[in-house]
Amino acid sequence: MTTVSRRTVLRGSLAAGLAGPALLMGAPARADGPIVKPLPPELFTVFGTNAETRWEAMQGMGYHTPIDRFFVRNHTATPLIDHRTWQLDVHGSGVRRPLRLSYADLRALPTREVSAFIECTGNGRSFFTSQQGQAVTGTAWKLGAVGVARWRGVPLSHVLRLAGVTREAVDVMPVGLDAEWVDGGVNRGHVRRPLPIAKALDDVLLAYEMNGELLPPDHGFPVRVVVPSWIGIASIKWLGSVEVSSEPLSSPWDTNYYRLFGPDYPPEGSAPLTQQVVKSAFELPFPATLASGPQVLGGRSWSGGGRIRHVEVSTDGAATWHRAIPHGVAGGEGWLRWRFPWRPQPGSYELRARAVDEHGHTQPETAEFNTLGYLFDAVVRHPVTVV
Ligand SMILES: Nc1nc2c(c(=O)[nH]1)N[C@H]1C(S)=C(S)[C@@H](COP(=O)(O)O)O[C@H]1N2
Ligand SMILES: [Mo]
């Protein structure tokens, strides 16, 4: 696939005598690289079209992940979309009144705000290999493919009701406006994944603001879907259309990917993945070097299964566990911040943190193997050298 720089596109359009915005109505322009925002090495680890937040960059931050350090997961590249020509089409056999909304139309609808994490299904994938000795494919994330933001926008349920969603509707398919995705020579089309109607009518948001600012290009400008507690792929960025269907819908993102595959699963894989699992992370470099003496470690734990109830930390190889001190309140769709006072002697350590959510979901010693490395929920052994 060729990536045309924005400058080239604009020059081409001038030569053809077209106005810039008119051009943007077709294939959106592309930025010069796959990600638009700066990716300084102290905040991010870059993997091709994706960038992972460094957990030490969360030290001293508030509840929400600032936009300048929020991870980015792009199948191809961030498109530059003109909100003045953008339209959202809501159509299909599950609606009585198909809709076409402009950006201004959407902004005029009732809004809601939610503090929710978006987390890649493969977050923690590298630990299948480094902790469990298992080969998996996909981006070798550590624990930084997650962030919590304050999302504001229009409830999807509101838009579906405006379109006259019927009792027969079963699935809702949001489709992205970024380039079609080609994987191993196969064109999978635009990034899209069906949502069951029950979830679509529950707490899903069509978000146009992130942490009180306009949604940035890399995170889906002008409008993205936010599906609280679910795997990141559900939260389609650069939304262009929503199909509502009275028949089940499918896409490669719920058949070929985002299921569990491997020896423990049928050939077609598990059921399509939905909720996220429980995870915990220290706000430290990986590996970390710390000075000896009294200090307070920080960390965060989250779960797609509900509010975090408590967090325990071990500094002695899982021999003893001690409660971490909660800092602020646990968000239902966000995370719990915590602190852990520690007074280490010089030496080598493996720090562990494990959390339990309100429904009793915990973090095991070993995550269930699956070839695509999804849903790593095991306790991560965080190497620390104290000098
Ligand atoms: N249109 C579109 N939506 C998308 C993606 C994409 O590549 N294209 N990536 C998905 C995946 S796999 C994840 S984990 C999240 C990442 O959201 P973020 O880049 O805002 O952190 O967006 C999801 N939505
Ligand atoms: Mo993802």
Side-chain angles (χ1 to χ4, degrees), residues 1 24-30 34 49 72-83 85-95 97-103 105-106 109 118 120-121 151 153-160 162-165 169-183 186-201 204-208 215 217-227 230-259 272-274:
M1 196 181 320
L24 299 180
M25 284 180 67
R30 303 270 198 81
T49 60
V72 180
R73 165 40 174 145
N74 282 348
H75 280 70
T76 61
T78 295
L80 300 175
I81 295 171
D82 186 339
H83 67 284
T85 52
W86 176 87
Q87 294 177 322
L88 176 63
D89 276 315
V90 183
H91 64 97
S93 57
V95 291
R97 296 183 295 275
L99 278 184
R100 174 165 289 179
L101 298 175
S102 70
Y103 187 68
D105 294 336
L106 191 81
L109 297 178
I118 288 186
C120 194
T121 326
W151 309 99
V154 180
L156 175 58
S157 60
H158 186 87
V159 171
L160 294 180
L162 279 182
V165 61
V170 291
D171 275 339
V172 172
M173 178 100 83
V175 184
L177 291 168
D178 44 338
E180 295 177 338
W181 186 54
V182 179
D183 180 35
V186 182
N187 186 340
R188 303 291 194 177
H190 288 289
V191 178
R192 64 200 189 281
R193 189 176 199 256
L195 274 173
I197 188 75
K199 182 67 175 173
L201 289 174
V204 176
L205 211 58
L206 303 183
Y208 49 73
L215 202 57
D218 295 314
H219 299 290
F221 182 85
V223 176
R224 83 174 300 164
V225 180
V226 173
V227 182
W230 281 35
I231 58 174
I233 186 61
S235 294
I236 295 294
K237 303 194 276 189
W238 313 295
L239 184 65
S241 65
V242 175
E243 180 182 356
V244 186
S245 175
S246 52
E247 302 293 330
L249 296 173
S250 77
S251 88
W253 287 267
D254 79 326
T255 54
N256 303 71
Y257 311 98
Y258 303 103
R259 295 179 179 221
L273 299 178
T274 57

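Keep in mind that this is a model prediction, so the values were computed, not measured.
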Do you know which two heavy atoms are closest between [X] and [Y], and how far apart they sit?
X: T121; Y: G232; value: OG1-N, 4.2 Å
X: P194; Y: S250; value: CG-CA, 3.9 Å
X: P248; Y: V170; value: N-CG2, 3.6 Å
X: A169; Y: V244; value: CB-CG1, 3.9 Å
X: A207; Y: W151; value: CB-CB, 4.2 Å
X: H190; Y: A179; value: ND1-C, 4.1 Å

Euclidean distance, [Y] [atom2] relative to [X] [atom1], rounded to 0.5 Å:
X: S241; Y: Q87; atom1: OG; atom2: CD; value: 11.5 Å
X: L80; Y: F221; atom1: CG; atom2: CZ; value: 10.0 Å
X: H83; Y: Y208; atom1: NE2; atom2: OH; value: 13.0 Å
X: H158; Y: L106; atom1: NE2; atom2: CG; value: 9.5 Å
X: W238; Y: L215; atom1: CH2; atom2: CG; value: 9.5 Å

Backbone N/O of [Y] and side chain of [X]: donor-acceptor pair under 3.5 Å:
X: T78; Y: P34; answer: yes
X: H91; Y: L99; answer: no
X: N74; Y: T76; answer: no

Does any non-hydrogen side-chain atom of [Y] lie less than 4.5 Å from one of [X]?
X: P252; Y: R192; result: yes
X: I231; Y: R193; result: yes
X: V90; Y: L162; result: no
X: V225; Y: V242; result: no
X: L160; Y: L201; result: yes

| Residues in side-chain contact (heavy atoms from CB on, under 4.5 Å) with H75, at least two apart? |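 Result, side-chain contact (heavy atoms from CB on, under 4.5 Å) vs H75: R73, W181, V191, I233, W253, Y258.
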| Taking it one step at a time, do D183 and N256 satisfy side chain to side chain contact (heavy atoms under 4.5 Å, CB included)? | CA-CA 11 Å; D183 180 35; N256 303 71; over 6 Å; no
| said: Is it true that D171 and S245 share a donor-acceptor pair across their side chains at a distance under 3.5 Å? | reply: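 No donor-acceptor contact under 3.5 Å links the two side chains.
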| task | Can you spot which of L239, L206, I118, I236 makes a side-chain contact (heavy atoms from CB on, under 4.5 Å) with R224? | result |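 When L239, L206, I118, I236 are each tested with R224, the side-chain contact (heavy atoms from CB on, under 4.5 Å) holds only for I118.
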| field | All pairs passing salt bridge (charged side-chain N to carboxylate O under 4.0 Å, His left out) where residues 231-254 contributes a residue, at least two apart | value |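 Qualifying pairs, neighbours excluded: none.
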| request: Could you list the residues that satisfy side-chain hydrogen bond (donor to acceptor under 3.5 Å, both in side chains) with D89, not counting sequence neighbours? | output: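 Result, side-chain hydrogen bond (donor to acceptor under 3.5 Å, both in side chains) vs D89: R100.
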